[in-house]
Every structure is written in structure tokens, then in C-alpha cells.
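Notes follow once the structure below has been shown.
Fair warning: this is a prediction, and the values are worked out from it, not measured in the lab. Protein chains get the first letters and strands the later ones, always in sequence-line order, with residue 1 at the start of each.
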Amino acid sequence: MSDKKKRYLITSALPYVNTVKHLGNLVSTLLPADIYARYLRQRGEEVLAVCGTDDHGTPSEVSALEAGMPVEEFVEQMFNKQKDIYERFGLSFDLFSRTHTAENTELTQHLFLKLYENGFIIEKEVQSLHCKNCKRNLPDRYVVGTCPNCKYEHARGDQCENCSKVLDGIDLINPVCIICGKSNTEIHSGKHLFIDLGSLEGRIKEWINSHKDWPKTAHSIANSWIRDGLRPRSISRDIKWGIPIPLDGYRDKVFYVWFDAPIGYISISMEWAKQQGDPDLWKKFWKETDTYIINFIGKDNVPFHTITFPATLIGADDDFALADYVKAFQWLNYEKTKFSSSKKVGIFTDTALELFPPDYWRYYLMKIAPERHDTDFTWSEFRDSVNGDLADILGNFIHRTLTFINRYFDGKIPKANALEKEDKAIIKALIDVSKNADLEMRKLEFQRTILTIFDFARDCNKYFQSKKPWADWKDNKKDRVATTLNICAQCCRGLAVLLAPFIPFTAEKIFDLLQLKEDIHKQSWNSVGKNISDNHSISKELEPLFPKIELEQIIELGLKWGGESAKELLKQNPQLDPSKKVKNKPKTQSKPKKAKKKQPKVDEKMTKELVSFKDFQQLDLRVATIKSVEPVEGTKKLLKIIVDIGTEERQIVAGVAERYKPDELVGKQIVIIANLEPAKIRGVESNGMLLAADSDPEISILTPMRKVPNGSKVR
RNA sequence: AGCGCGGUGGGGUAGCUAGGUUGUGCCCACAGGGCUCAUAACCCUGGGAUCGGUGGUUCGAAUCCACCCCGCGCUACCA
């Protein structure tokens, strides 16, 4: 589909900067983009793959506020954190940058001015909610209030969850700002800028219709927008954190984050060009028609990549190329429920890396990539895939082959002799799989590619089984064993080359074991028939490529992070219950009675619901040292306390003044909840809460028994 | 409500755009057997499904059409 093209430009939807992303984010944008880029590079194509964080907008501001940091600093920190995670996942972007850069500011402003000159920008008067307390304009998502339609009291500004009516923030009765929790809003009205999508509709439509090969969702969502009629879309916002609008009358406003984010694809390419020492290098990717451009996105992102961003480029009329292919993914669910960053449901990329090697995730995630419809991550299936496909099929084949070569041929690839029917068949299968996988990859069919390659790995085991080299060796048919193992070794190499885009770390390891010196990431798929030369020495130190995941481990993880599949496994294997295990332990000790005593007695008053370990983990308990204390004026109980929590100083307010004098607290170490949402108590801001035992009237502040560094975690 | 996606043996999934030896393929689970080189891995065989329902088109439908039922998602700043 892209044979006439000379080079490829790959973009992955820019992950929003404010939180660490979950596996759903990874699977529909970053990971497939990386895999496709790796595949193309192996094929010897000229590729530029760019990505970066999407930095601007209200959510960043709010998250920064919550973290008690200046936005710029917060965003920088989160950018670095995300970048580091993606590197550890082996994501091979030519540049992973961000949208808060000089390049993006300049380009966004430039494109806007072109749109303005060309008459595609219109001005309109808009009303919006303003929180007088936060001194901030409130996007619809940041307001809750009573629904004017059904009177539901917790309707969000954009939509009522109860009656599902689509709302405007200003429609809400008794609107409350979710940032400060106060109902202190007023309606502001002001001029805003809109991009006139309607007058660009014809050209957008033409472009969409000329690309029938896109995934179904991409088309249906794009077409439904067009069918409903393209209305002007606001591109200005009354916030501080963003790219300033270079137009008189609007200089106190910034661009809507979705205006500048996709422009980031181009500005990051520009940054990349500068780093290459040729500042114009980006132009051939963006301004020449023989580049094939692919956007990797989730389905929610379709409108921005098929309507608004193309509209920007078309309207600016500055010769920027539009995408050739929009690879839109559906959703990945977590154990039948939605992944949710805000509700902390699911597995997040940083946690994933702590649990298992990146290739385990890369493989499983692409195997279940939601290419056709929504799919489900389950712990149980994750284990099945890793153990079954990676360890038992792939790992086992390679391991048994290399073990034989070491044992019988002193670690040297033996020479193949006369070929029999099965030998020829498996060699043909190897060539075929490289061709078929290549055809599927060209169509960006990731799951099919994986299935094709693993079917071949199964064939390899069948071949090994049918040739019985262990039996031949006993029968003294050394030549025959040599032939079998030579062919198996070629298959190992072939599998490594074919799987390199998907599981690059393992593929490298296989090349290391084979002691092949060439760079695996430059081996094209049609090189898989290429023989490793006779007598080539392989490594003598073998170890399993994929340690297996124990059932017990997966049950524990499933229970810890939440998941029905683990509960189901536990039902089938009740002996593996982690909680029971703890109970069993005392039996082996000499004094089981003592253990029993330790069990907390359920006091009648302790009727609170059980919480999961996960819920408990959400509390960020830290040790802090009290720096200064002063009473809050006009109150009997409250003290304003400044504490040092290692990374920063915090102000907290505590109701302990009746039992503690300010002087006796200074210098003491205490325990605080560091991630409690900020609150104002008697007008004084409190960013945390100290822990104290409360048995009215006595209050005892908790303090660590030994001195520990400030910021130490408490659990 | 509208729109989108899906409903295929116990679980998962492919096949459906161009209807034919298709109730067929694949993975997992299950049963039996083989092998014993390998990470208790590998290989073979087998059982198991009115292909959501009803009606239609057709010589013939999982595949096309109509209506209905069920699940999920979206309705525009969640990938």
C-alpha cells in the first residue's frame, strides 16, 4: 500500500503529561508505533518516529497545584519520568520530546497566523464559568453542580452522569469548582477564537474519502462528524499554561491544548532535525509527497487526527503533508472494567516495569491489541501467554536447540547434510513465514503478524520432535543430527529477526546466545533464510530466556491490583490463598497460641468496611520534621505547622493546640498523609494531615521510634 | 436517545467487505496417548457449538437483507 513512498513518518499520540500512563495508553499508541518503526528500520527504510508529552492545558495546571509545584517545574518532572519509563520499555522514538518548547510555540503561532490570514479564524463571544476563589476560568470538566434537566446534584459541567444530557458548565445550578470545592463562581463573558471547520469541510472530506483503507473506527467516527456538519471549534482558552495567542485582543489567552498538541508532531521533528545537525532535515518528511505518514492513536483521538488537525494544516496552506494512514485502536479494558487514571484502576506503566521484564508486556499487549474491538487485559491470560507462548513454545525451542549444539557439537553449528522431506518443509516454512508476516505488517496487522510468527515457532517444535535428534544420536546417526540442528539454529535466528520489533530485548539476547555479531535491528525479514555459517561458535552459557510466572504470583498480583481472573484462579486453587498462607505459617512455629493472640480482635466499634491493600497503598504516608509552629488566630484548637518532608516544605493545619504547645513540637518527627487533597481550614491552607491517636480528651501525635530521613515512606 | 463496536464449542479469538466440500482455523482449558532432548516443557489423537433470536433472499448463509434481543463503548479534551 505504500510501495511508491520513499520514507516513513510515524507519529504516536502524545501522552498527556500530568500522570504516569496505564497499559491502555501504551498499547494503542506508543507501543505499536515503536514496533512499526522498528520493523521498517529492519527493512532498511528511512524512518522518522516522533513522540512527546502533551504539556499544556488545565489538567497540568491542576495536577501541579495538587503537587504543590509551579506548573513548569511539575511538567518538566513528569516529562522526564514518562520519558524514562518509555525508554525502559524499549520504545525507540528518534526523538521523544514535548510540546512545551520554543519550536512548538513558534510553529503553532505561525500556523495560527496563516489560518488567520487565510480567513479561517472567526471571533465569537462566549460565556464561561469563573471561580472567584481560584481566580481561574473553569473548563466544563472542572465544575460540578445540579443538573438543570434531572436535578441530579453531582452532574459534571460537560455532561450529567445521571440523565446523560450534554451540558454546558454555565447551565449548572449551584456550580461548584472541583479544584477548590467552593461554590464561588460567576459567569464571565469574553471573545474567543474559533477555527472555521465548516469552510474547510470539502477538502477534509475529500482527503478522508481518498483513504478507504483505514480501520473502520477511524472512518466511522470521522464520517459521523462530517455528517453532523462541521461547526466552528474554539481554539482559545482563558488560562495561563499554554502557548500565547499572538493576536491583539487575545494576548492574555493561550491556545486550546488540542490546537498545539498535534502540531507537536511537526515541531518535535524540527527539534530532531536540529539535533541531527541539519535544521532542514524535517522538511522532507513533512513537505514532500513521497513520505508515508502514519498516526497511531486511540479511538477517542480520531476527530483530532481526521478533522481538526488536518483542518489546521489545510487551512494554513503551508504545504504540510497530511497523514496517509490513521491507525486507530479501540480500548483495552482491565479485567472487564475500564482503565482509569483518575480512579487508579488498572496497571500503570511504572508498576508494570517493576513487576516483569518489558518484553513480557510488549508481547502480551500486542497479542491482545484492540485492533478490531475492545479487548481485555486479565492477569490469568497474561500468565498463560507469557508461559505458554514465550516460555514453552519460543523459549523452549531455542533452549533445546542450543543445548543440543553445545552437548553434541561442542557449541559449533554443525554442517547440514542431505535434506529430507521434513527438512525442506521447515526451511520453506521459514521463508514463508517471513513473507506472510511481512505482508501482514505492511497492512499494520499486528495481531496477525504475531500469530503467524508463533505458529511457525510451534512448527519448529514439531520439526524437532519429528526428527528426534536425541534418538538419532544414540543410534550413531551423527550426520543426521547435524542436519537437524543446523536447520534448527537457522530457525532460531529467523525467529529472533522476525520477533525483534516486538520483543527487542529478547531478540538481542538470542543473537547474543548465537554469538552473531551483526546488529539484529538491521536484519531485514527477508534475510531469514540466510545461513549461519558452519562451525560458527555459539554461547556455552545458556539460561532460560523467559522465567515463568508462577500461579501463586499471578494470584497475588491479581488480588493486590484488582481483578476477577485472579479470584477465579484462586477459587480453582484455594491452597494458594495468600491470606491463608499467612495463617498457616504459625502452625510450623512452636507457639501457635501466640500467633492467635496477635490477631486483631474485632472490637465492636471497629465496624468500618475492609479496604483492599491497593486502597491502603493509595495513602502516601511520610515521615516529616516539624520546622515551625504557630497558632491559627481566632481558634482554640488549630495549629499551623510547617514540616519538612524531604523533597519540600509543607504547611499543614492540625487540631492539636489544646494538648500541644507550639514550642514542644518544633524539631519532632511525625507521620503525615502527604497526598491528602488540600483543604482550607479557617482560611489557612492545609496540604496534608498529621497522624495522632485520639482518645478524647487525650491526643498523642505519632512519632517514629528512631530518627529516619524526612520523606521516608510509612507503611 | 443517537452513533459505534461486538454476540462463533467451557474461556478467548479468526472467518463475514467479494455467500459454496465452513460448523471450518488458531490459542487456552479438558480427556487419552507418545516422547523423555528441553523452563513438569514438547508432540499426537479425541470430546465438545442449533455460528444471539426470528423471518427473508438463494440451489446453497456464520457470511447478504429486515426486524428484534443482549453486552460494551462513545456522544468530543480519557489511548
Side-chain angles (χ1 to χ4, degrees), chain A residues 12-16 19 21-32 54 57-59 139-141 158-159 163-166 212 216-217 219-221 223-225 227-228 233 237 256-258 261 296-304 307-308 328-333 336-343 367-368 370 372-376 378 380-381 383-385 387-393 395-404 407-408 447-448 451-452 454-455 458 460-474 481 485 542-548 565 568 572:
Chain A
S12 160
L14 307 186
Y16 199 73
T19 55
K21 301 289 114 178
H22 52 63
L23 297 182
N25 297 284
L26 186 65
V27 75
S28 58
T29 58
L30 303 145
L31 187 51
D54 175 8
T58 309
D140 289 344
R141 279 174 61 96
D158 51 348
Q159 185 178 23
C163 68
S164 52
K165 188 172 168 65
V166 178
K212 299 277 187 208
K216 259 192 201 168
T217 16
H219 259 123
S220 53
I221 297 176
N223 285 327
S224 80
W225 265 57
R227 197 175 47 235
D228 295 347
R233 228 181 134 70
R237 286 293 183 272
Y256 166 41
V257 58
W258 258 108
F296 286 88
I297 60 171
K299 63 179 166 185
D300 61 311
N301 244 322
V302 170
F304 300 106
I307 309 284
T308 56
F329 284 84
Q330 313 268 4
W331 301 118
L332 178 69
N333 290 321
K336 310 271 182 202
T337 60
K338 283 183 76 179
F339 271 95
S340 164
S341 295
S342 52
K343 292 175 193 155
K367 186 185 172 189
I368 60 165
R372 267 160 265 277
H373 48 79
D374 294 356
T375 59
D376 242 310
T378 67
S380 144
E381 207 185 71
R383 173 172 175 268
D384 285 347
S385 293
N387 289 358
D389 302 343
L390 292 181
D392 295 344
I393 300 297
N396 182 42
F397 171 68
I398 289 166
H399 199 251
R400 68 206 292 212
T401 299
L402 302 187
T403 305
F404 268 58
R407 186 175 304 153
Y408 298 147
Q447 289 187 43
R448 281 170 213 261
L451 282 178
T452 302
F454 272 84
D455 276 349
R458 276 172 235 281
C460 290
N461 274 314
K462 281 174 202 168
Y463 169 75
F464 197 103
Q465 197 71 26
S466 74
K467 295 321 278 181
K468 295 187 172 52
W470 61 90
D472 285 343
W473 187 260
K474 280 177 198 152
V481 178
L485 293 180
L542 303 182
E543 53 174 45
L545 286 169
F546 305 99
K548 288 210 197 185
S565 73
E568 194 56 39
Q572 290 155 18

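Judged as a salt bridge (Lys or Arg N to Asp or Glu O under 4.0 Å), and not counting sequence neighbours, the contacts of A/K367 are A/D389. Here A/H219 pairs with A/W214 under the ring pair (Phe, Tyr, Trp, His ring centres under 6.0 Å) rule; sequence neighbours left out. In this structure A/D455 satisfies the side chain to side chain contact (heavy atoms under 4.5 Å, CB included) test together with A/R458, sequence neighbours excluded. Remark: A/S341 pairs with no residue by the side-chain hydrogen bond (donor to acceptor under 3.5 Å, both in side chains) rule, at least two apart or across chains. For A/R233, there are no salt bridge (Lys or Arg N to Asp or Glu O under 4.0 Å) partners at least two apart in sequence or on another chain. Applying the side-chain hydrogen bond (donor to acceptor under 3.5 Å, both in side chains) test to A/N461 and every residue at least two apart in sequence or in another chain returns A/R400. A search for side-chain hydrogen bond (donor to acceptor under 3.5 Å, both in side chains) contacts involving A/T308 returns nothing, not counting sequence neighbours. Here A/D472 pairs with A/K477 under the salt bridge (Lys or Arg N to Asp or Glu O under 4.0 Å) rule; sequence neighbours left out. For A/S466, there are no side-chain hydrogen bond (donor to acceptor under 3.5 Å, both in side chains) partners at least two apart in sequence or on another chain.
In this structure, A/N461 reaches the sugar-phosphate backbone alone: every heavy-atom distance under 4.0 Å involves primed, P, OP1 or OP2 atoms, never a base. Note on A/F397: nothing from the nucleic acid sits closer than 4.0 angstrom, heavy atoms only. Among the protein residues, A/Q447 comes within range of no part of the nucleic acid, since none of its heavy atoms lies under 4.0 Å from any strand. Within 4.0 Å (heavy atoms only), A/F339 reaches at least one base atom of the nucleic acid. Heavy atoms of A/L545 sit under 4.0 angstrom from at least one base atom. When heavy atoms are screened at a 4.0 angstrom cut-off, A/W473 is found touching no nucleic acid atom at all. Here A/K467 lies out of heavy-atom contact (under 4.0 Å) with every strand. Note on A/I368: nothing from the nucleic acid sits closer than 4.0 angstrom, heavy atoms only. At a threshold of 4.0 angstrom between heavy atoms, the contacts of A/F329 with the nucleic acid are absent. As judged by a 4.0 angstrom heavy-atom cut-off over every strand, A/F464 is placed among the base-contacting residues.
Comparing B/rA38, B/rA79, B/rU39 by their closest approach to the side chain of A/K21 singles out B/rA79. Among the nucleotides B/rA76, B/rC37, B/rA79, the one closest to the side chain of A/R233 is B/rA76. The side chain of A/T403 has B/rA38 as its nearest neighbour among B/rC42, B/rA14, B/rA38.
Between the side chain of A/D54 and the backbone N or O of A/P15, no donor-acceptor pair lies under 3.5 Å. A/T29 contributes no side-chain N or O that, together with a main-chain N or O of A/I297, makes up a donor-acceptor pair within less than 3.5 Å. Remark: side-chain polar atoms of A/Q330 are paired, donor with acceptor, to backbone N or O of A/R372 under 3.5 angstrom. A side-chain donor-acceptor contact under 3.5 Å links A/S565 to the backbone of A/S380. Listed for the A/D374 side chain is no donor-acceptor partner under 3.5 Å among the backbone atoms of A/L332. Of the possible polar contacts, one joining the A/S28 side chain to the A/G24 backbone as a donor-acceptor pair under 3.5 Å is found.
When each of A/A391 and A/T217 is assigned the nucleotide of RNA chain B with its nearest heavy atom, A/T217 is the one assigned upstream, toward the 5' end.
Comparing B/rC68 with B/rG60, their P atoms sit 26 Å apart, to the nearest whole Å. For the C1' atoms, the distance from B/rG73 to B/rA79 is 13 Å, rounded to whole Å. Rounded to whole Å, the C1' atom of B/rA66 lies 26 Å from the corresponding atom of B/rA49. Distance noted for atom C1' between B/rG34 and B/rG15: 33 Å (whole Å). B/rG4 sits 13 Å from B/rC67 when the P atoms are compared, rounded to a whole Å. Nucleotides B/rC64 and B/rU17 place their C1' atoms 11 Å apart, quoted to the nearest Å. Nucleotides B/rG56 and B/rG10, compared at atom C1', are 34 Å apart to the nearest Å. One C1' atom belongs to B/rG20, the other to B/rU39, and the distance between them is 47 Å to the nearest Å.
To the nearest angstrom, C1' of B/rG6 lies 10 Å from NZ of A/K216. In this entry the distance linking NE2 of A/H373 with C1' of B/rC3 reads 19 Å, nearest Å. Going from atom CG of A/N223 over to atom P of B/rU75 covers 18 Å, rounded to whole Å. As a whole-Å value, the separation of A/Q572 CD from B/rG11 C1' is 10 Å. Separating the CG atom of A/N396 from the P atom of B/rC42 is a distance of 6 Å, rounded to the nearest angstrom. Here the P atom of nucleotide B/rU75 and the CG atom of A/N301 are 12 Å apart, to the nearest Å. In this structure, CG of A/D392 is placed 10 Å from C1' of B/rA40, rounded to the nearest angstrom. If you take CD1 of A/I307 and C1' of B/rU75, they are 15 Å apart, rounded to a whole angstrom.
Taking only side-chain nitrogens and oxygens, A/K548 comes nearer than 4.0 Å to OP1 or OP2 of B/rA41. For A/N25 and B/rA79, the shortest distance from a side-chain N or O to OP1 or OP2 is below 4.0 Å. In terms of phosphate contacts, A/R372 brings a side-chain nitrogen or oxygen within less than 4.0 Å of OP1 or OP2 of B/rA14. Between B/rC5 and A/H219, no contact under 4.0 Å exists linking OP1 or OP2 to a side-chain N or O.
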Fill in: Dot-bracket pairing map - RNA chain B, Watson-Crick plus G-U, both contacts under 3.5 Å, | cross-strand
(((((((..(((((.....[...))))).(((((.......))))).....(((((..]....))))))))))))....
Show each protein N/O and nucleotides 70-73 of chain B N/O combination with a separation under 3.5 Å, one pair to a line.
residue, atom, partner, partner atom, Å
B/rG73, O2', A/W331, NE1, 3.2

Review item, nucleotides 26-35 of chain B N/O atoms under 3.5 Å of protein N/O:
residue, atom, partner, partner atom, Å
B/rC28, O2', A/D384, OD2, 3.4
B/rG34, N2, A/Q465, NE2, 3.1

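The base of B/rA79 sits with one of its N or O atoms less than 3.5 Å from a complementary donor or acceptor on the side chain of A/S28.
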